[in-house]
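The figures here come from the full heavy-atom set of this structure, side chains too, leaving out hydrogens, waters and symmetry mates. Bear in mind the structure is a predicted one, so any value in this text is a computation, not a measurement.
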Amino acid sequence: MKKFVLTLLLVFCSICALQAQNVQSSIMSFLRNEGYSPSYDSDGDIQFKVQGDLYYVIVKEVDDYAYVEVRAPYSVDLPLNDLYAIANKLNRGKYICKCSAYQDGNGVNVFQIGIEFIATTTVQAQIQMQHAIRLLPIYVEAFEEEL
């Protein structure tokens, strides 16, 4: 009996680990099924376009779950302090996304809008991706109004 219970426990843990590893491929399949044309960028992250804007999906496998962030970065010709002000204003009014501003390695000011979530199954990842794809364009529009 102990061997049977131990075997079931090991099988269950293996299935959970496999489900987390399949999150990235599940997101790719989901995006294709929704009519997007996702591809992998040079870092191995997923990229796709929504209403002409380029979005990235970064998946980090952590033990038995996956940390996922959907991002929409923009190179902007505004001073970094102005981008910080816009990010703070949007962050105060919108609690689902995270807005940030930074200067990349080439000295270009970047404003980024992201939605983060954790998924342990492919179904969770697909549901969260539906929410991200529905909500991110709203935040992008709010950012464009600030410019």
Side-chain angles (χ1 to χ4, degrees), residues 8-147:
L8 283 177
L9 182 62
L10 288 173
V11 168
F12 176 74
C13 292
S14 298
I15 289 171
C16 290
L18 286 174
Q19 286 176 335
Q21 291 173 352
N22 290 327
V23 166
Q24 188 170 26
S25 61
S26 173
I27 289 172
M28 283 291 282
S29 297
F30 167 77
L31 290 170
R32 284 188 190 110
N33 289 338
E34 292 292 312
Y36 299 99
S37 298
S39 62
Y40 291 103
D41 68 0
S42 60
D43 297 331
D45 299 324
I46 299 170
Q47 62 183 16
F48 65 102
K49 286 190 175 186
V50 176
Q51 299 173 355
D53 294 317
L54 188 61
Y55 290 67
Y56 293 91
V57 179
I58 294 91
V59 179
K60 295 180 183 166
E61 306 294 335
V62 182
D63 296 332
D64 60 344
Y65 66 91
Y67 167 80
V68 182
E69 183 177 1
V70 184
R71 296 180 181 172
Y74 297 91
S75 298
V76 183
D77 290 333
L78 286 177
L80 201 51
N81 286 337
D82 291 348
L83 293 178
Y84 287 144
I86 293 171
N88 287 333
K89 180 179 179 182
L90 291 175
N91 282 335
R92 286 187 192 109
K94 312 231 183 277
Y95 301 103
I96 301 294
C97 74
K98 177 179 77 176
C99 299
S100 58
Y102 61 93
Q103 197 170 59
D104 71 4
N106 299 322
V108 177
N109 291 341
V110 177
F111 186 85
Q112 180 173 282
I113 304 168
I115 292 180
E116 303 170 346
F117 60 89
I118 292 176
T120 56
T121 66
T122 57
V123 173
Q124 286 177 341
Q126 290 174 355
I127 291 169
Q128 293 298 330
M129 281 301 298
Q130 285 176 331
H131 291 303
I133 290 172
R134 181 176 52 85
L135 294 173
L136 270 173
I138 296 168
Y139 301 127
V140 168
E141 187 177 309
F143 168 65
E144 290 172 348
E145 288 174 5
E146 291 295 324
L147 295 178

* Let me see the working for Phe143 and Val76 under side-chain contact (heavy atoms from CB on, under 4.5 Å), right down to the final yes or no. => CA-CA 11 Å; Phe143 168 65; Val76 183; 3.9 Å; yes
* With side-chain hydrogen bond (donor to acceptor under 3.5 Å, both in side chains) as the test, would you mind laying out the steps for Asp41 and Gln47 before giving the verdict? => CA-CA 6 Å; Asp41 68 0; Gln47 62 183 16; over 6 Å; no
* **Worked check of side-chain contact (heavy atoms from CB on, under 4.5 Å) between Val57 and Met129** => CA-CA 9 Å; Val57 179; Met129 281 301 298; 3.9 Å; yes
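With contacts defined as side-chain heavy-atom distances shorter than 4.5 Å, the pair Ile46/Leu31 qualifies. Between Val70 and Leu136, the closest side-chain pair of non-hydrogen atoms falls below 4.5 Å. The shortest distance between side-chain heavy atoms of Val68 and Ile58 does not fall below 4.5 Å. Counting heavy atoms from C-beta outward, Ile133 and Phe30 have side chains that approach closer than 4.5 Å. Contact of the Lys49 side chain with the Ser37 side chain is not registered, since no non-hydrogen atoms from C-beta on lie closer than 4.5 Å. A 4.5 Å side-chain heavy-atom check between Ile115 and Glu69 finds every atom pair outside the cut-off. Using a 4.5 Å cut-off on side-chain heavy atoms (C-beta onward), Phe111 and Cys99 make contact.
The structure places OG of Ser100 at 9.0 Å from CD1 of Ile113, a figure rounded to the nearest 0.5 Å. Considering OG of Ser26 and CD of Gln126, their distance stands at 4.0 Å, rounded to 0.5 Å. Taking CD1 of Ile127 as the reference point, atom OG1 of Thr121 lies at 7.5 Å (rounded to 0.5 Å). The distance from the CZ atom of Arg134 to the CD atom of Gln130 is 9.0 Å, given to the nearest 0.5 Å. We find the OH-CG distance between Tyr102 and Leu80 to be 11.0 Å, quoted to the nearest 0.5 Å. We find the CD-CD1 distance between Gln128 and Ile27 to be 10.0 Å, quoted to the nearest 0.5 Å.
No donor-acceptor pair under 3.5 Å is formed between the side chain of Asn106 and the backbone N or O of Val108. Of the possible donor and acceptor atoms, one in the side chain of Asn109 sits under 3.5 Å from a partner among the backbone N and O of Leu78. In terms of modelled atom types and a separation under 3.5 Å, the side chain of Asp104 and the main chain of Gly107 share a donor-acceptor contact.
The two residues Asp45 and Gln24 have their closest heavy-atom pair at CA-NE2, 4.4 Å. Nearest heavy-atom pair across Val23 and Ala125 is CG1-CB, 3.8 Å. Nearest approach of Ala132 to Pro137, heavy atoms of both residues: O-CD, 4.3 Å.
For Glu144, the CD atom counts as densely surrounded, since its 6.0 Å shell holds more than 12 non-hydrogen atoms of other residues, nucleotides or ligands.
Under the salt bridge (Lys or Arg N to Asp or Glu O under 4.0 Å) criterion, Glu146 pairs with Lys89, sequence neighbours left out.
Between the side chains of Glu116 and Tyr67, at least one donor N or O lies within less than 3.5 Å of an accepting N or O. Side-chain contact annotation: Thr120 with Gln124, donor-acceptor N/O pair under 3.5 Å present.
Between Tyr36 and Phe48, the ring planes lie perpendicular to each other; the angle is over 60°, past the 30° to 60° tilted range.
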